[in-house]
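Chain A is the first sequence line, chain B the second, and so forth, proteins listed ahead of strands; every chain is numbered from 1. Because the structure is a prediction, the values reported are computed rather than measured.
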Protein chains: 2
Amino acid sequence: MKMLDTDKKENLRPDVLSEHCQSRFVMNHVTNRWGGLVLLALSEETLRFSALRRKIGGVSERMLSQTLKTLEEDGFVLRKSYDVVPPHVEYSLTPLGEGAAKHFGALARWLEDNLEEIMKARGE
Amino acid sequence: MKMLDTDKKENLRPDVLSEHCQSRFVMNHVTNRWGGLVLLALSEETLRFSALRRKIGGVSERMLSQTLKTLEEDGFVLRKSYDVVPPHVEYSLTPLGEGAAKHFGALARWLEDNLEEIMKARGE
DNA sequence: CAGAATCCAACTTGATACTG
DNA sequence: CAGTATCAAGTTGGATTCTG
């Protein structure tokens, strides 16, 4: 007997199109307003909080802090705190984070490279 | 004289990390809650409104309609309406949309394939 | 069938001020 | 420096109803 794609059973294969699949939960962390940009900013470069904030145009302290916490929970970002005064905290990507950043980065570069055509399609 | 990346001049190269770059504007359409999922659902398949809605778990009529309109404006989605009763409308991807879908799809597949490791990192 | 319109609830985000 | 706390404001999302 063949399994159908329409079987509601989870655990066959994750699918972001399925409402309650955990992959969509994680996808939301990567594709929300700041998640992907943080991954992008940290790819190939370890940064401190304020440097990261400067690099990502428009992000507030609150949102950056919140986004970093989420990405750290997902295992994408590594937070390294040195116990000195004044505080010194470094953020970098884990191997998992590098993987996500690679794919998000590819999407970003494609958008950047095709922006002209897209804006033309928009009639602007 | 060399141009520096830090030059505030626009039009050198689009950069999603820049606050007012239009590439970020478009990026938001692709990475908002339903944008990418619509691109994914339409890749390799033309669908009618209700079929599309069934395929994307959890999306409301309102949000689907709104998302489709945005993606159509960006030139990613093609809307084809047949003037019959009852109405018949088909949605498909433009070549531009296929490009975006390809990259978003790669990210989605990577997430799905690495979900187990991610959830392990989350301690769940 | 494919939506548009309306109303309202929930969530997100930002500004500002403050702390160890 | 690296955040947190608080509150205000904006945005998104859903349920429902309606229509050509």
### Query
Quick one, which residues of residues 62-86 of chain A touch DNA chain D with a heavy atom under 4.0 Å?
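Hits under 4.0 Å, by residue number: A:Arg62, A:Ser65, A:Lys69, A:Arg79, A:Pro86.
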
### Task
Within residues 29-55 of chain A, find the residues that approach DNA chain D with a heavy atom at under 4.0 Å, and present them sorted by residue number.
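Correct list: A:Arg48, A:Phe49, A:Ser50.
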
### Query
When the distance from CD of A:Glu90 to P of D:dC1 is rounded to whole Å, what number comes out?
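The distance from CD of A:Glu90 to P of D:dC1 comes to 14 Å, rounded to the nearest Å.
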
### Message
Strictly distance-based, threshold 3.5 Å: is any side-chain N or O of B:Asp74 a donor or acceptor partner for the main-chain N or O of B:Phe76?
### Response
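No; zero donor-acceptor contacts below 3.5 Å.
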
### Message
Side-chain N or O of B:Tyr91 versus OP1/OP2 of C:dC1: is the shortest distance under 4.0 Å?
### Response
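Answer no for this pair, as no side-chain N or O of B:Tyr91 is under 4.0 Å from OP1 or OP2.
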
### Task
Look up atom CG in B:Leu37 and atom CE in B:Met63, then write down how far apart they are to the nearest 0.5 Å.
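Going from the CG atom of B:Leu37 to the CE atom of B:Met63 covers 14.0 Å.
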
### Message
So which atom in A:Leu93 and which in A:Ala101 form the shortest heavy-atom distance, rounded to 0.1 Å?
### Response
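Closest approach of A:Leu93 to A:Ala101: CD1-CB, 3.7 Å.
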
### Message
I want to check something: taking the side chain as every heavy atom from C-beta on, are B:Leu71 and B:Tyr91 in contact at a cut-off of under 4.5 Å?
### Response
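SC-SC contact between B:Leu71 and B:Tyr91 ruled out.
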
### Query
Any side-chain heavy atom of B:Phe25 within less than 4.5 Å of one from A:Arg122?
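A side-chain contact under 4.5 Å exists here.
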
### Message
Does atom CD (B:Glu44) have a neighbourhood of more than 12 heavy atoms from anything else shown, all under 6.0 Å?
### Response
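Atom CD in B:Glu44 is not packed in, count stays at 12 or less.
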
### Query
In this structure, are over 12 heavy atoms from other groups packed under 6.0 Å from A:Lys102 atom NZ?
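Open.
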
### Message
Of the listed nucleotides (C:dG3, D:dT4, C:dG20), which one gets closest to any side-chain atom of A:Glu61?
### Response
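Comparing C:dG3, D:dT4, C:dG20 against the side chain of A:Glu61, the answer is D:dT4.
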
### Task
Identify the residue among A:Leu39, A:Ile56, A:Leu64, A:Leu68 that makes a side chain to side chain contact (heavy atoms under 4.5 Å, CB included) with A:Trp34.
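The passing option is A:Ile56.
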
